[in-house]
Amino acid sequence: MSKTKTVFYCQNCGTQSPKWIGHCHQCDQWNTYVEEVIQKADDNERGWKSGSTGQVAQKPVALEHVDYLKEQKIETKDAELNRVLGGGIVKGSVVLIGGEPGIGKSTLLLQIALSLSGKKILYITGEESEQQIKMRAERIGAKNQNCFILCETGTQNIFKQIELFSPEIVIIDSIQTLHSSFIDSGAGSISQIKECAAELIKYAKESGTPVFLIGHVTKEGSIAGPKILEHMVDTVLAFEGDQHHLYRILRTTKNRFGSASELGIYEMTGCGLREITNPSEILLNQRDENYSGISVGVTIEGNRPLLIEVQALVTPSAYGTPQRSATCFDLRRMSMLLAVLEKRCGFRLGVQDIFLNIAGGIKTEDPALDLSVLCAVISSFNDIQIPATSCMTAEVGLSGELRPVNRIESRISEAQKLGFKEIFVSRYNLKGIDVSRFQSGKNAIKLSAFTRLEEVLGAFRVS
Ligand code: TYD
Ligand code: MG
């Protein structure tokens, strides 16, 4: 019999060490190392199809002879989910959904399970009782006779039930509650998570059944457990949003079957999550009056152009140190943009408090929002209104130049579709595009092209 092997793991970052140490050199935390068994003597019986005699040796196959069926994706009724998954649920794929407690992970997956009527679905939960799930299903209101609930946390028992039941989709709520009897440490520990995920991935790949895993997140917002978990699965989705906002965003952070920057938007209602098919409408505040400090930026998330309202408030600071605060926008990027404004356009913002808010609570990293952030700040500072029918999309460089952004045509078309009459873009963006296509017809939109930030400011003073 081989000896039981143990190793020490940092509970914070997952670094391994053969001996116990008090201080983790990797993440600078203290007292985070715990001993975990990584391998037990009897290794033949672990995981999916336990007890089979040894492994079947795989043979190399010519790539040309590999069969690939196009219709292997299961389309759900949820268009937002289909989009973030790259077209639908791929057979044999493993999808990890992470998010803060109470954001709606269980609701989302139960809703998917209930909407896929005709498919045999096994929802395995280690967190809630059957009654609790039933109550949630009643709230959601959909019915699927083929949706089955299993309250179980041991992987061996789960695989036994799966073998008897042969489901078409498996949902695990959550990976942190599972435990495999081949590992000694408790549920939720790094080696348990790794082992349970490995067993489930093996099952998914061999049986072709899609598996959804719900994952908890740590205080910092990353999925709890080893980073390697994200490498092991095919798709990682992050379910984000503010508990106080109604809107929830499902974002792809990794996808082996499609684009990794897709985004789905939902609203949490009294009866489950509702898809938002036209997000720009909720991201733009319906306003009757125009105020200063508001501008509209055109961003692209994944494949979708979104129009987002940026609000800024600039007030003289009462104390020595001016405050800078940004909600849903990178504070460092904001400081950089303000510095450009001071240096290149001569605004004295050093004695002003500046607050920035992206309406709707959508975090975006598209640099095309730069120009609208600066315009909102200037609009508030000078107390001038930006016409409600104008929007803008351009990146601002350190020397105050407006830089071109990608996919300009789809941005302009989206603004046009929503009834905007003017869009501010970088002049470099207009090379090679057919400007007259946008500037004629019923929905005509004026393309105002600029090379430098100062020119944009000049345009406002006139209007
Ligand atoms: P839940 O799916 O349990 O969150 P998670 O699994 O991510 O921890 O959902 C939690 C919140 O959603 C909870 O505060 C109640 C709310 N909710 C609704 O507002 N409407 C609904 O129809 C449902 C089912 C939940
Ligand atoms: Mg839950």
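Counting starts at 1 for both ligands and their atoms, following the listed order.
Proximity to Thr269 (heavy-atom distance under 4.0 Å) selects the following atoms of ligand 1: 18 (C), 19 (O), 20 (N), 21 (C), 22 (O). Listed by number with element, the atoms of ligand 1 under 4.0 angstrom from any heavy atom of Pro101 are 8 (O). Less than 4.0 angstrom separates some heavy atom of Cys271 from each of these atoms of ligand 1: 22 (O).
Counting heavy atoms under 4.0 Å from ligand 1, residue Lys105 touches it through both backbone and side chain. Counting heavy atoms under 4.0 Å from ligand 1, residue Ser106 touches it through both backbone and side chain.
Ser106 lies close to the Mg ion (ligand 2), since one of its N, O or S atoms is found at a distance under 2.8 Å.
Remark: the Tyr266 side chain and the Asp78 side chain contain an N/O donor-acceptor pair separated by less than 3.5 Å.
For the pair Lys120 and Phe165, the cation-pi test (distance below 6.0 Å, angle within 45°) is passed.
At least one heavy atom of Gly102 lies less than 4.0 angstrom from ligand 1.
Residue Val405 comes nearest to Glu395 through the heavy atom pair CG1-N, 3.8 Å, listed as atom of the first residue, atom of the second, then distance. Residues Asn144 and Lys119 come closest through the heavy atom pair ND2-O, 3.9 Å.
The shortest N or O to N or O distance between Gly270 and ligand 1 is below 3.5 Å. Ligand 1 has a nitrogen or oxygen under 3.5 angstrom from a nitrogen or oxygen of Gly272.
Taking each of Glu128, Met135, Arg139, Arg274 in turn, the one with a heavy atom nearest to atom 23 (C) of ligand 1 proves to be Arg139.
Comment: Glu240 engages Arg251 in a salt bridge, judged by a side-chain N to carboxylate O separation of less than 4.0 angstrom. Under a 4.0 Å N-O distance rule, the pair Glu414/Lys417 qualifies as a salt bridge. The pair Lys205-Asp234 meets the salt-bridge criterion, since a charged nitrogen lies less than 4.0 angstrom from a carboxylate oxygen.
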